[in-house]
*Asks:* 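This is the structure I want to talk about, given as structure tokens.
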Amino acid sequence: MKQIKPAGLTSGRQITSSPTAVVYCEGNFAQIDGKTANGLVRHSQAYRILSVIDSTYSGQDSGTVLDAVSNSIPIFGHLDAAVAHETDLPDTLIYGMAPSTGRLSTADRGVVLQAIELGMNIVSGLHEYLSDDDEIANSASERNVTIRDIRKPKPSKDMRLFDGSVAGVKALRIAILGTDCAIGKRTTATVLARAMNAKGIKTVLVGTGQTGLMQGAKYGIAMDAVPPQFCCGELEGAIVAASEAEQPDVILIEGQGALSHPAFCTSAFILRGSQPDAVILQHAPKRAHRCDFPNMPMPSAASEIALIEAFADTKVIGVALSHEGMTEVEITETIAAQSHKLGLPVTDALARPVAHLHAMVVAAYPGLMQGAPVAAI
């Protein structure tokens, strides 16, 4: 299969003042379960990504492996090699995988403990909180390093219930939803935010998952770690905070899972909590079944759009493709066919110019182009 050059993202190395990090992704880089590592090498404001650990691709460039474009972030086979490559000890080891179990394997535990012993801080997005693990927490305390559990929620007494205040937000709210998990929603949202800001439309991205928060999303919550009673209110609070502090023209809300997927309820909470004016749907035409569910066929883009618009008072204004398994010719043909079938603009955030995403939003809301230029995110 011909690999597609990404059109809208740049390497995490552009941020030079952030803490340095090595991303651990053994056996999963450029795969679905490696989506956290994939996202971090494409974009990271919070950390300067130095390297990736995955013995499968040892010695290769992570950008070349992921997107067929070098990003000068090398891949090493083990932590010792990644550390030896640097003049100074990297500040952080990021656990860059999102396994369906949400838990640390025995081998991975050894790498985490090795990093702590070296004096590196740990960042994890697992459902298993490493700071609650006696062995890991005690080792971190002895070495005076920190453990950041992205998915560890604040106490329920400090959580917020939905109160309807999102209705008072003046910014246009657009949710990036999808037909499955790990399908590119966050990437499309990130590319779109950059494109909008570059055109003078002040746009803020509200993260709802572990990777977006690791990348440095200023506003957001890890939706799947919040008790259901508080999901809508916590998301509403993040959107209201972004609106009040930034006064943006547009707020993008990162989607999670899929509204039609029986294993996820997060899309429903996102639609309820954000009350979006519009939705952009992310879809992988060549994906045969749901991620981790081989007996569960993928829905069509049309059926997901119908479900979203029946479930919430919103409209789908366009579709963004995930080109996994597709050739350049197939992408072009699918964009044309889907656009004709759905009667909506269709593009691909990585394989097509970012201007196409921007145009998708402006076509639905032409008044956005009347605003004054603003700084980029």
Side-chain angles (χ1 to χ4, degrees), residues 1-15 21-45 47-77 81-82 85 94 96-98 176 178 180 182-195 198 211-212 214-215 282-288 291 319-336 338 346-358:
M1 182 191 79
K2 179 181 177 182
Q3 289 183 294
I4 309 301
K5 179 178 180 178
L9 290 176
T10 55
S11 162
R13 281 188 178 276
Q14 65 184 327
I15 306 299
V22 172
V23 183
Y24 179 72
C25 194
E26 177 57 35
N28 284 286
F29 186 66
Q31 305 299 319
I32 288 177
D33 281 355
K35 66 177 185 177
T36 297
N38 303 342
L40 287 167
V41 300
R42 283 175 172 149
H43 169 74
S44 178
Q45 292 174 290
Y47 299 95
R48 180 162 64 93
I49 307 302
L50 299 176
S51 61
V52 174
I53 297 173
D54 184 349
S55 60
T56 308
Y57 298 106
S58 180
Q60 299 187 51
D61 178 276
S62 61
T64 301
V65 170
L66 187 61
D67 294 314
V69 179
S70 174
N71 62 9
S72 299
I73 299 177
I75 304 176
F76 295 103
H85 183 260
I94 299 176
M97 293 177 281
I176 314 299
D180 196 9
I183 204 168
K185 297 182 286 288
R186 184 198 66 258
T187 296
T188 292
T190 302
V191 171
L192 179 56
R194 287 182 175 179
T211 306
M214 286 183 191
Q215 288 175 322
Q282 187 82 20
H283 180 57
K286 294 292 285 289
R287 188 179 291 190
C291 177
V319 175
L321 300 182
S322 173
H323 59 253
E324 58 187 56
M326 301 176 72
T327 64
E328 181 66 37
V329 171
E330 286 175 323
I331 296 172
T332 298
E333 292 176 345
T334 302
I335 286 175
Q338 287 287 310
V346 179
T347 189
D348 185 308
L350 294 181
R352 292 294 178 267
V354 296
H356 294 186
L357 267 180
H358 171 263

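If you read the sequence from its start, that first residue is 1, and numbering goes on from there. No hydrogens, no waters, no symmetry mates; every other heavy atom, side chains included, goes into these values. Since this is a predicted model, take the numbers as computed values, not measurements.
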*Asks:* I'd like to check M97 versus Y24 (side-chain heavy atoms, cut-off strictly below 4.5 Å). Are they in contact?
*Replies:*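 Yes; the side chains approach each other to less than 4.5 Å.
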*Asks:* Checking Q60 now: which residues fulfil side-chain contact (heavy atoms from CB on, under 4.5 Å) with it, not counting sequence neighbours?
*Replies:* Y57, V65
*Asks:* Side chains of S51 and H85: closer than 4.5 Å at any heavy-atom pair?
*Replies:*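 They are not in side-chain contact.
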*Asks:* Has the side chain of N38 got a donor or acceptor atom that lies under 3.5 Å from a matching backbone atom of T36?
*Replies:* no
*Asks:* Where is the tightest heavy-atom contact between A82 and V22, given as atom of each residue plus distance?
*Replies:*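 Looking at all heavy atoms of both residues, the closest pair is CB-CG1, 4.0 Å.
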*Asks:* Kindly compute the distance separating CG (L357) from CG (D348), expressed to the nearest 0.5 Å.
*Replies:* 8.5 Å
*Asks:* Which pair of heavy atoms, one from I331 and one from A351, lies closest together, and at what distance?
*Replies:* CD1-CB, 3.9 Å
*Asks:* Using only atom types and a distance under 3.5 Å, with no angle test, would you say the side chain of K286 pairs donor to acceptor with the backbone of G325?
*Replies:* yes
*Asks:* Could you walk me through whether D67 and R42 pass side-chain contact (heavy atoms from CB on, under 4.5 Å), step by step?
*Replies:* CA-CA 9 Å; D67 294 314; R42 283 175 172 149; 2.7 Å; yes
*Asks:* Quick check: do R287 and D180 have side-chain heavy atoms less than 4.5 Å from each other?
*Replies:*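 The answer is yes, as the side chains (C-beta and beyond) meet within the 4.5 Å cut-off.
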*Asks:* Which atoms form the tightest heavy-atom contact between K185 and G178, and what is the distance?
*Replies:* CD-N, 3.4 Å
*Asks:* Considering only heavy atoms from C-beta outward, does the side chain of V329 approach that of E333 to under 4.5 Å?
*Replies:*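 They are in side-chain contact.
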*Asks:* With T56, which residues qualify under side-chain contact (heavy atoms from CB on, under 4.5 Å), at least two apart?
*Replies:*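 Here the qualifying residues are D54.
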*Asks:* Restricting to non-hydrogen atoms, name the atom on Q282 and the atom on S322 that form the minimum distance, rounded to 0.1 Å.
*Replies:* NE2-N, 3.7 Å
*Asks:* With side chains defined as the heavy atoms from C-beta onward, is the minimum distance between T332 and R352 less than 4.5 Å?
*Replies:*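 Result yes, sub-4.5 Å side-chain heavy-atom pair found.
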*Asks:* Does a donor on one side chain and an acceptor on the other come within less than 3.5 Å for E26 and S55?
*Replies:* yes
*Asks:* What is the minimum heavy-atom distance between C25 and V52, and which atoms define it?
*Replies:*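 Here C25 and V52 meet closest at CB-CG1, 4.3 Å.
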*Asks:* Are any of the side-chain heavy atoms of I49 and I94 separated by less than 4.5 Å?
*Replies:* yes
*Asks:* Flag the pair P285 / M326 as yes when at least one side-chain heavy-atom distance between them is below 4.5 Å, and no otherwise.
*Replies:* yes
*Asks:* So, the side chain of Q215 versus the backbone of G39: is there a donor-acceptor pair under 3.5 Å, distance only?
*Replies:*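 Answer holds: yes.
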*Asks:* Residues two or more places apart in sequence or in another chain: which of them pass side chain to side chain donor-acceptor pair (under 3.5 Å) with D61?
*Replies:*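 By the side chain to side chain donor-acceptor pair (under 3.5 Å) rule, D61 matches T64, S70.
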*Asks:* Given 3.5 Å as the limit, does a donor-acceptor pair link the side chain of E330 with the main chain of T327, or not?
*Replies:* yes
*Asks:* Rounded to the nearest 0.5 Å, what's the gap from CD1 on I32 to CD1 on I183? Could you check?
*Replies:*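 Answer rounded to 0.5 Å: 8.5 Å.
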*Asks:* Without swapping roles, check the side chain of S62 against the backbone of I73 for a donor-acceptor pair under 3.5 Å.
*Replies:* yes
*Asks:* State whether the side chain of S44 and the backbone N or O of L40 hold a donor-acceptor pair below 3.5 Å, judged by distance alone.
*Replies:*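 Between the backbone of L40 and the side chain of S44 there is no qualifying donor-acceptor contact (under 3.5 Å).
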